[in-house]
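Taking it in order: structure first as structure tokens, then the write-up.
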Amino acid sequence: MTMHSGTGFRRLAGVGLALVVWAGASLSARADEKIRILCPTWSGYAPVFVAQDLGYFKALGIDVEIKFEDERANVMAAMDRKDIEVDMRTVGEYQGKPRDAKTPGIIIGTIDESLGGDGVIAPGDITSVEQLKGKTVASEPNIPGRLLLQMALKKKGLTLSDLDVKQIATADTVAVFADPSISAVVSYQPNLSQALDKIKQRNPHVLLSSAQYPGIIVDVIIARQDDLKANPEKYKKFLIGIFKAIDYFKTNKADFIKLSAPHFNLTPEEFGASIEGSLEYTGYKQTSGYFGKAGAPGSLYKVFDEVMQLNLENGAADHNLKSAEQIDNGVVSSITEADLK
């Protein structure tokens with residue numbers, strides 16, 4: 001992925017004004033119409049903007065506001081204060097500290113899956129994860145690529161504790177990878193591609209990516225339980241709007257990209273490059289497979305439990321959350337093909 005000003009695409013500087021701006025503006029809309037969203041700066045969330053721009057949400061009778069906020073603690077606090085109704089992030093990030101079973105928010109949908117956008121970059125002389133044993137690896141805490149690295153190490157009988165993990169900000173990937181004492185950097189796009197392009201002297205390559213682990217790095221839609229219970233139809237309409245926008249991407253890709261780009265301060269060419277080979281938007285059929293129906297949980301439940309154990313092992317989480325209690329498939333299963341016409 002490519003973007004302006006060298007800022008990270010999944011994680012930008014915190015947008016602290018978001019909550020202040022909404023403090024008064026949200027009072028005029030009825031609770032059964034309004035959905036306020038805070039989420040990280042990640043191109044996987046573009047369908048929400050496109051659904052807004054194409055008037056899908058308005059036609060469905062809901063009022064959606066979305067702002068970027070990359071500091072997870074700020075988003076969790078906003079959810080707790082009932083300043084927002086929805087958050088979006090990966091399953092692994094959702095599970096991370098300090099979430100416990102009573103933390104507001106439950107997973108009701110998916111929006112995209114990382115298929116190459118997250119991973120680990122290494123110099124040419126490092127060709128396997130086993131070679132990282134005892135070496136310095138740089139990573140931001142609780143990002144998707146770190147989870148992928150843990151999974152790959154586990155297959156070889158190793159853990160993150162077998163490495164010397166140095167904490168960094170992902171936006172500094174290029175500068176960090178230029179240091180020859182660093183044997184690998186855990187990162188995400190566009191930082192991965194930028195390091196490949198700019199640090200040629202290390203013969204860099206992608207050692208590990210989310211393309212090798214389909215179905216694991218999934219971005220989910222998280223709703224506040226009290227509002228979901230009070231206004232279930234609103235969330236059905238919200239998911240319908242997103243699914244319609246993803247269908248629009250499949251049939252009008254160039255226009256989808258053109259509509260999305262300004263929301264991320266990118267040119268259409270830059271936004272197009274940011275999603276090509278990095279992610280897949282998860283439409284109605286794919287999301288239905290992830291969620292299943294009442295009494296028949298879909299594949300996301302197994303993914304949630306697998307990722308949960310990894311997060312507990314690496315210290316990213318400290319509460320063993322149960323998929324059956326953290327995922328609600330009622331909204332997705334209430335939607336039919338006819339709703340998307």
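Atom CD1 of Ile216 and atom CE of Met151 lie 4.0 Å apart (nearest 0.5 Å). Atom CD1 in Ile246 sits 7.5 Å away from atom OG1 in Thr110 (nearest 0.5 Å). Taken from CG in Asp87 to CE in Met79, the straight-line distance is 5.0 Å, to the nearest 0.5 Å. Between the CD1 atom in Ile143 and the OG atom in Ser187 there is a gap of 6.0 Å [rounded to 0.5 Å]. For the atom pair NZ of Lys258 and CG of Asp255, the computed distance is 6.5 Å after rounding to the nearest 0.5 Å. Annotation: the span from Lys58 atom NZ to Gln52 atom CD amounts to 11.5 Å, rounded to 0.5 Å.
Using a 4.5 Å cut-off on side-chain heavy atoms (C-beta onward), Met308 and Lys322 make no contact. In this structure, Leu163 and Leu149 have side chains that are in contact, with non-hydrogen atoms separated by less than 4.5 Å. In this structure, the side chains of Val332 and Ile108 stay at 4.5 Å or more apart for every pair of heavy atoms. Val174 has its side chain within reach of Ile199: a pair of non-hydrogen atoms, C-beta onward, lies under 4.5 Å apart. Proximity of Arg89 to Val75: side-chain heavy atoms (C-beta onward) are separated by under 4.5 Å at one or more points. Proximity of Pro98 to Met76: side-chain heavy atoms (C-beta onward) are separated by under 4.5 Å at one or more points.
Taking 4.0 Å as the cut-off between side-chain N and carboxylate O, Asp227 and Lys82 do not count as a salt-bridged pair. Here Glu313 pairs with Lys154 in a salt bridge; the nearest charged N to carboxylate O distance falls below 4.0 Å. A salt bridge is defined here as a Lys NZ or Arg NE, NH1 or NH2 lying under 4.0 Å from an Asp or Glu carboxylate O, and Arg224 with Asp226 meets this definition.
A side-chain contact (heavy atoms from CB on, under 4.5 Å) with Arg146 holds for exactly one of Asn311, Asp118, Leu310, Val186; it is Val186. Exactly one residue among Leu153, Leu132, Val137 makes a side-chain contact (heavy atoms from CB on, under 4.5 Å) with Leu160. That residue is Leu153.
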Exercise. Report the C-alpha distance between Glu233 and Lys237 in whole Å, list the side-chain angles of each, state the deciding distance to 0.1 Å, and finish with yes or no for side chain to side chain contact (heavy atoms under 4.5 Å, CB included).
Key: CA-CA 6 Å; Glu233 190 68 17; Lys237 292 174 179 178; 3.9 Å; yes
Quiz prompt | Verdict with supporting geometry, Ile240 and Leu340, side chain to side chain contact (heavy atoms under 4.5 Å, CB included) | solution = CA-CA 6 Å; Ile240 288 171; Leu340 304 179; 4.0 Å; yes
Quiz item: So Ser260 and Val50, side chain to side chain contact (heavy atoms under 4.5 Å, CB included) or not? Walk me through it.
Solution: CA-CA 6 Å; Ser260 300; Val50 173; 3.3 Å; yes
Exercise. Check the pair Asp197, Gln194 against side chain to side chain contact (heavy atoms under 4.5 Å, CB included), reporting the backbone distance first and the verdict last.
Key: CA-CA 5 Å; Asp197 291 339; Gln194 289 173 343; 5.8 Å; no
Could you pull out every donor-acceptor pair under 3.5 Å between side chains of residues 290-302 and any protein atom, sequence neighbours left out?
from, atom 1, to, atom 2, distance (Å)
Tyr290, OH, Glu113, OE1, 2.6
Tyr301, OH, Asn329, ND2, 3.3

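Phe264 and Met88 fall within the same hydrophobic cluster, where Ile, Leu, Val, Met, Phe, Trp and Tyr residues are linked whenever their side-chain heavy atoms come under 4.5 Å apart, directly or through other members. No single ILVMFWY cluster, assembled from side-chain heavy atoms under 4.5 Å apart, contains both Ile126 and Val185. Hydrophobic clustering of Ile, Leu, Val, Met, Phe, Trp and Tyr side chains at less than 4.5 Å, counting indirect connections, keeps Val120 apart from Phe177. Follow the hydrophobic side-chain contacts under 4.5 Å out from Ile66 and you reach Ile62 in the same cluster. In the hydrophobic clustering of this structure, Val206 does not group with Tyr188; members are Ile, Leu, Val, Met, Phe, Trp, Tyr whose side-chain heavy atoms approach within less than 4.5 Å, directly or through other members.
Judged by distance alone, with hydrogens and angles left aside, the side-chain atoms of Arg72 form a donor-acceptor pair with the main-chain N or O of Gly96 at under 3.5 Å. Between the side chain of Gln95 and the backbone N or O of Gln309 there is no donor-acceptor pair closer than 3.5 Å. Side-chain atoms of Thr282 come within 3.5 Å of backbone N or O of Ile111 as a donor-acceptor pair. Under the 3.5 Å distance criterion, the side-chain polar atoms of Tyr94 are matched with a main-chain donor or acceptor of Gly105. Side-chain atoms of Gln225 do not come within 3.5 Å of backbone N or O of Lys229 as any donor-acceptor pair. Lys34 contributes no side-chain N or O that, together with a main-chain N or O of Glu85, makes up a donor-acceptor pair within less than 3.5 Å. In this structure a side-chain-to-backbone donor-acceptor pair under 3.5 Å is missing from Glu280 to Leu115. In terms of modelled atom types and a separation under 3.5 Å, the side chain of Asp219 and the main chain of Thr90 share a donor-acceptor contact. Between the side chain of Gln131 and the main chain of Ser183, no donor-acceptor pair closer than 3.5 Å is present. In terms of modelled atom types and a separation under 3.5 Å, the side chain of Thr251 and the main chain of Asp247 share a donor-acceptor contact.
Annotation: side chain to side chain contact (heavy atoms under 4.5 Å, CB included) contacts of Pro262 (sequence neighbours excluded): none. For Tyr248, there are no ring pair (Phe, Tyr, Trp, His ring centres under 6.0 Å) partners two or more places apart in sequence or in a different chain. Every residue meeting the ring pair (Phe, Tyr, Trp, His ring centres under 6.0 Å) condition with Phe243, not counting sequence neighbours, appears here in chain and number order: Tyr284. Evaluation of the side chain to side chain contact (heavy atoms under 4.5 Å, CB included) rule for Asp179 yields Ser181, Ile182 as partners, not counting sequence neighbours.
Taking the centre of each ring, Phe68 and Tyr45 stay at or above the 6.0 Å mark. A centroid separation of 6.0 Å or more is found between the aromatic rings of Phe249 and Phe271.
Judged as a ring pair (Phe, Tyr, Trp, His ring centres under 6.0 Å), the pairs with a partner in residues 192-239 (not counting sequence neighbours) are, in order, Phe57-Phe238.
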